[in-house]
Amino acid sequence: RFCITMGDALPMLTLIQEKSYVRVLQLIQGGADPNKSYLGVSPLSLSVEIGDADMVAILLDWKADPLHKHGTQAPSALQMAEKMSKDPKCAHQAAAKEMVAMIGDMQLVKARLQALEGVIAAQRESDRLKAILFAAVCALISVGTGLFYRFVASRVPDQAGEL
């Protein structure tokens, strides 16, 4: 299958890397599975790996399974977070400690989501403004094309040499 639909894991993983909380929420609310892996990478394990505790909270709230493994050798998101939290050389050690705590306590997840509301609101507003700008650009292109045809293309002589 060559077509990637919105229900597949790859779009969600891409949005996770971009830290697009609003769009990840939109995918999940639209029916995307927060446990679906792509090439052995689940949304939760990727969020842990990049140290994004906010995304981990979102995914946990939407029932991502911290014990889910892709294959027998792959660690679960919880195992990854625990390992990272104990590694003093890990750039995301502090975030990993928060993630391990959230995995064991949904109250911490809810508190993290409350703190994230402002970021999500800002992302929604940014998306709204981008949509308005896109519509304005499309309208300008349409008007420009119409003007070009009216004043330039319509004045090009036809095959008979007439204007």
Side-chain angles (χ1 to χ4, degrees), residues 1-139 141:
R1 196 173 90 186
F2 295 102
C3 179
I4 296 174
T5 63
M6 292 310 280
D8 287 336
L10 186 57
M12 188 180 303
L13 295 177
T14 301
L15 293 172
I16 287 169
Q17 288 179 314
E18 295 172 358
K19 297 183 185 268
S20 182
Y21 306 119
V22 169
R23 292 191 182 137
V24 167
L25 282 168
Q26 288 170 341
L27 282 179
I28 294 171
Q29 290 166 348
D33 183 356
N35 291 303
K36 188 167 185 180
S37 297
Y38 179 78
L39 297 177
V41 179
S42 73
L44 191 57
S45 66
L46 177 60
S47 300
V48 167
E49 187 176 342
I50 64 175
D52 191 345
D54 292 332
M55 191 68 75
V56 167
I58 290 169
L59 294 168
L60 289 172
D61 190 50
W62 282 90
K63 310 298 182 224
D65 182 2
L67 302 176
H68 174 76
K69 290 184 175 185
H70 183 81
T72 57
Q73 301 298 322
S76 68
L78 175 59
Q79 290 169 327
M80 287 174 57
E82 288 173 337
K83 183 178 179 183
M84 291 168 60
S85 72
K86 295 173 186 170
D87 182 358
K89 295 180 182 177
C90 177
H92 305 298
Q93 183 184 28
K97 287 179 181 180
E98 291 179 52
M99 292 180 236
V100 171
M102 280 192 294
I103 289 169
D105 186 349
M106 283 306 288
Q107 293 299 333
L108 291 175
V109 170
K110 297 295 181 190
R112 187 75 180 219
L113 292 174
Q114 270 189 317
L116 189 58
E117 285 177 2
V119 173
I120 291 172
Q123 284 185 359
R124 280 193 178 112
E125 180 63 10
S126 175
D127 282 356
R128 187 185 73 78
L129 293 174
K130 287 175 188 175
I132 291 169
L133 179 62
F134 178 75
V137 168
C138 289
I141 290 171

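Between Leu108 and Met102, the shortest heavy-atom distance links the atoms CB-CG, 3.9 Å. In terms of heavy-atom proximity, Met84 sits nearest to Val48 at CE-O, 3.2 Å. What you find for Met12 and Ala32 is that their closest heavy atoms are CE-CB, 3.6 Å. Nearest approach of Ala77 to Leu44, heavy atoms of both residues: CB-CG, 3.7 Å. In this structure, Lys69 and Pro75 approach most closely via the heavy-atom pair CG-C, 4.3 Å. Between Asn35 and Pro43, the shortest heavy-atom contact is C-CD, 4.4 Å.
Checking side-chain atoms of Ser37 against main-chain N and O of Gly40 turns up no donor-acceptor pair under 3.5 Å. Between the side chain of Ser126 and the main chain of Ala122, no donor-acceptor pair closer than 3.5 Å is present. For Gln93 (side chain) and Cys90 (main-chain N/O), no donor-acceptor pair under 3.5 Å exists by modelled atom type.
To the nearest 0.5 Å, atom NZ of residue Lys19 and atom OG of residue Ser47 are 8.5 Å apart. Residue Leu13 holds its CG atom at 11.0 Å from NZ of Lys36, rounded to the nearest 0.5 Å. Separating the CE atom in Met55 from the CG atom in Leu116 is a distance of 8.5 Å, to the nearest 0.5 Å. Considering CD1 of Ile16 and OH of Tyr21, their distance stands at 10.5 Å, rounded to 0.5 Å. To the nearest 0.5 Å, atom OG of residue Ser45 and atom NE2 of residue His68 are 8.0 Å apart. Met80 contributes atom CE, which lies 10.0 Å from atom NE2 of His92 (distance to the nearest 0.5 angstrom).
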Problem set entry | Intermediate values then yes/no, side-chain contact (heavy atoms from CB on, under 4.5 Å), Arg23 and Asp127 | CA-CA 9 Å; Arg23 292 191 182 137; Asp127 282 356; 2.9 Å; yes
For this session: Determine, step by step, whether Asp87 and Lys83 satisfy the side-chain contact (heavy atoms from CB on, under 4.5 Å) criterion, reporting the C-alpha distance in whole Å, the side-chain angles of both residues, the deciding distance to 0.1 Å, and the verdict.
Result: CA-CA 6 Å; Asp87 182 358; Lys83 183 178 179 183; 5.8 Å; no
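Taking 4.5 Å as the limit, some side-chain heavy atom of Thr14 sits within range of a side-chain heavy atom of Leu10.
Listed by first then second residue, pairs satisfying salt bridge (charged side-chain N to carboxylate O under 4.0 Å, His left out) with a partner in residues 98-125 read Asp54-Arg112, Asp61-Lys110, Glu98-Arg112, Glu125-Arg128, not counting sequence neighbours.
Few gaps surround CD on Gln29; more than 12 heavy atoms of other groups in view lie less than 6.0 Å from it.
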